[in-house]
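Encoded as C-alpha cells, the structure appears first; notes follow it.
All ligand and atom numbering here is 1-based and tracks the order in the structure. What you see is a predicted model, and the numbers here were worked out from it, not measured in a lab.
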Amino acid sequence: MTRHIILGGGVAGRRAAEIIRKRDADAEVVIVDEQEEAFYYRPMLGELLAGRLGPEKIVIRDRERLSRLGVRVLAGSRIASLDPSAREVVLAGGERLSYETALIASGRRTEKMAGDKGDVRGIVYLDNLPEALEIASLLGSVRGAVIYGASVQALGAVRGLRARGIDCTLMIPQERFWQGILDPTASEILENRLRQEGVTLLKGTEIGEVVAEGKELKAVMPSRGEKIPADLLVVAAPQAPRVDWLEGAELDGKNGIQVDRHLRTRHQGLFAAGDVAALPAVHTGEVLPQPGWLSAWRQGNVAGLNMAGQETVYSGFPALRIRVLDLDVVCLGLSDGQGDGIQEASGDYPYDELPQVYKKIVYKDGKVVGAVFIGDTTEAGAVEGWIRKGVRAESCDKKVLDQMFLPRIQSSHATAALCPICKFRMQVEADHEEGTILSCPACGADFRLERMPNGAFRAVFAA
Ligand SMILES: Cc1cc2nc3c(=O)[nH]c(=O)nc-3n(C[C@H](O)[C@H](O)[C@H](O)COP(=O)(O)OP(=O)(O)OC[C@H]3O[C@@H](n4cnc5c(N)ncnc54)[C@H](O)[C@@H]3O)c2cc1C
C-alpha cells in the first residue's frame, strides 16, 4: 500500500493529509507531530493571553474527523531525522517509517535568545499553546513587559498583554514595521495605533542585556536608551524554519526548505509546504518563505494534490494577514514595490476623519501586483483575485476602486466577509444580518457577522 507521511501536523500538514485522503482512498496517510495537544488556531493565542478565550475555545476537535477519514495521527512523536535517498523517516523513539511521498510541514519558530538557558523566570516565547499558557500563568504578578520583534507573535503578545492592562514596551530592531511589505505611511498608522493604546515603541533597538535578581527577571537593557523595568520579556524575533532534524538531508534549509512551484524539493517524492518552505515569489522569482496561516493552508492543499498524483502549481504570493490590536491588516503580493515599472495608488489616504484606514494598490508594468489594506479590508478579496490573474489597471472593476479610494461610498461588497482566522473570502447571503453565526468553509472557524460603518460586513471570531 502507498504510504504518504506528513511531517508536522499544523495547518499545512493537516490540509495536505485531508486532500491526499480525498484523492486516494486506499493509501496510508500518517501525520507525525510532536505536539501532544489537539490542533488549535495559533493566530488566536493573543486572544488567549488577553483572557478573552480559554484553550478549549481555540482547540479544534479534528482528531476524530481525521481518524474517521482514515488518517493516522502520531501525536507526541518527534521526528529525529529524514533520509531522502532511502525515503525513510526516523522518529525519536527509533521507529523507522518508509514512504512513497512525504511532506515537510514543520513550520517556523522563534530562535532562542543568545544566552537564554531557560533558568530566568519571566523570559518567554509565544510560538505555541503550552508557551501561551505559561505566559498566562505568570500574568498575575506582571506589571511591565518588554516584547521583542515585529512578528505576528510579537503583535499577538501586545494585543493580549494590553488587554490585561500590562504596561508594554515593543522593541523592534528595524526603523519601521515590515519594510518591503509596508510603506512608511502604512507603518506610521500602525505605530500611532500602538502608541494610542499606551504601548511604548522603541524602533531600531535590540535587546542589550537582561537584568535578573536571583532567577527573576527585573529589567531589560536595550541596545540604545535606558533600562526598562520589566517582569516579562516576550522574545518574538527572529523566526527560523524548524529544520534541525533535517541535518545532512541537503535541503537548503537556512531560510526555508527550497521548493519549486509544485512544492517539490530536489528529492524524489519529497515536498515541503507552509512556514518551513521557501518558494519562488510569483512576481519576482525570488525564493522566499511565504509564512502565514492562509498561505500554509493553501500550500498544504497544493502539496496534497501533487502528492496524490494530481499535478498542480501553487499560484499564491506572499501575503500577510494579521490584526494589530483592533486593526485588520492585509498586505498582498508586492505591497511595498520599488523599481522599474512600479506605480502605486493610494487615493487620498489617510483621510483626517479615518486616520486608521489606509488602502493602496501597486501596479507593475500596468498589471496589479500588490495591495495593502489597513483598518478596512472589504475589497481585499477582489484585489487578491486581480493580483492572481494579473489584471491590467484599465480592466479593474471601477466600482471596487471607487469603493476603495472614496470611503464615503456605501459598500457594494457588503456580500462578502473575510474569515477572521484564515481570511478566506466568504459569501454573505441576503438573509444574513448583524450577529449571524457562520462557519468558514476553508478552515471551519465559527464567526459572527458585524456591520461596519460603510455597510460592509466584517467577521469576528465567535468563541
Ligand atoms: C502567537 C501567534 C500569532 C499568529 N498570528 C497570525 C496571524 O494573525 N495571521 C497569520 O497569517 N498567521 C499568524 N500566525 C502564524 C501562523 O500560525 C502560521 O503561519 C501557521 O501556523 C503556519 O502553519 P504550518 O502548518 O506551516 O506550521 P505550524 O502551524 O507551525 O505547524 C508545524 C507543526 O510541526 C510540528 N513539528 C515541528 N518540528 C517537529 C518535529 N521535529 N517532530 C514532530 N513535529 C514537529 C510542530 O509541533 C507543529 O505542530 C501566528 C502565530 C503565532 C504563534
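By the 3.5 Å distance cut-off applied to N or O atoms, R321 is counted among the residues near ligand 1. Residue D33 has at least one nitrogen or oxygen atom sitting less than 3.5 Å from a nitrogen or oxygen atom of ligand 1, judged on distance alone. For ligand 1, the polar-atom distance check finds no N/O of A273 at less than 3.5 Å from any of the ligand's N/O atoms. For the pair R323 and ligand 1, the shortest N or O to N or O distance does not fall below 3.5 Å. Considering backbone and side-chain atoms alike, R42 places an N or O below 3.5 Å from some N or O of ligand 1. Checking only distances, V11 does come within under 3.5 Å of ligand 1, N or O to N or O. The N/O atoms of V152, backbone and side chain alike, include none that comes under 3.5 Å of an N/O atom in ligand 1. Checking only distances, W293 does come within under 3.5 Å of ligand 1, N or O to N or O.
Ion pairing of D127 with R108 is absent here, as no side-chain N (NZ or NE/NH1/NH2) approaches a carboxylate O to less than 4.0 Å. Using a 4.0 Å cut-off between charged side-chain N and carboxylate O, R159 and E47 make a salt bridge.
Numbered from 1 in the order shown, with element, the atoms of ligand 1 that lie under 4.0 Å from a heavy atom of A296 read 22 (C), 23 (O), 26 (O). Residue-ligand proximity, A12 to ligand 1, at heavy-atom distances under 4.0 Å covers atoms 25 (O). Distances below 4.0 Å separate heavy atoms of L126 from the following atoms of ligand 1: 1 (C), 53 (C). Atoms of ligand 1 lying under 4.0 Å from any heavy atom of G274, numbered from 1 in the order shown and given with element: 26 (O). Atoms of ligand 1 found under 4.0 Å from any heavy atom of D127, numbered from 1 in the order shown, are 53 (C). Heavy-atom proximity to W245, at under 4.0 Å, picks out these atoms of ligand 1: 41 (N). Close approach to G10 involves these atoms of ligand 1, each under 4.0 Å from a residue heavy atom: 25 (O), 29 (O), 31 (O), 33 (C). Taking every heavy atom of I322 and a limit of under 4.0 angstrom, the matching atoms of ligand 1 come to 8 (O).
In this structure, A105 counts as a contact residue of ligand 1, since one of its heavy atoms falls inside 4.0 Å of the ligand. No heavy atom of G156 sits closer than 4.0 Å to any atom of ligand 1.
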Q: Please report the C-alpha distance between E18 and R15 in whole Å, then the side-chain angles of each, then the deciding distance to 0.1 Å, and finally whether the salt bridge (Lys or Arg N to Asp or Glu O under 4.0 Å) criterion is met.
A: CA-CA 5 Å; E18 239 171 41; R15 182 61 189 162; 2.7 Å; yes
**Q.** Audit row: Q290, Q299, side-chain hydrogen bond (donor to acceptor under 3.5 Å, both in side chains) steps and yes/no
**A.** CA-CA 10 Å; Q290 298 185 16; Q299 288 174 33; 4.6 Å; no
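The two residues A154 and G149 make their nearest non-hydrogen contact at CB-O, 3.1 Å.
A side-chain N or O of Q239 and one of T110 form a donor-acceptor pair less than 3.5 Å apart. No side-chain N or O of T169 forms a donor-acceptor pair with one of D167 less than 3.5 Å apart. D336 and Q179 form no side-chain donor-acceptor contact under 3.5 Å, judged by distance and modelled atom types alone.
The side-chain heavy atoms of P55 and L48, taken from C-beta on, include a pair separated by under 4.5 Å. Side-chain atoms of P289 and D275, non-hydrogen and from C-beta on, never get closer than 4.5 Å to each other. Using a 4.5 Å cut-off on side-chain heavy atoms (C-beta onward), L91 and V89 make contact.
Contact annotation: for S106 versus ligand 1, heavy atoms closer than 4.0 Å belong to both the backbone and the side chain. When non-hydrogen atoms are compared, ligand 1 lies under 4.0 Å from neither the backbone nor the side chain of A80.
The side chain to side chain contact (heavy atoms under 4.5 Å, CB included) with V29 is formed by just one residue from the set I19, I20, D24; it is I20.
Here the shortest heavy-atom distance to atom 45 (C) of ligand 1, taken over R15, E34, E131, R109, belongs to E34. Nearest to atom 40 (C) of ligand 1 by heavy atom, out of D275, V243, I79, is I79.
Using the six-membered ring where Trp is involved, Y349 and Y358 have ring planes that are perpendicular, over 60° apart on the 30 and 60° scheme.
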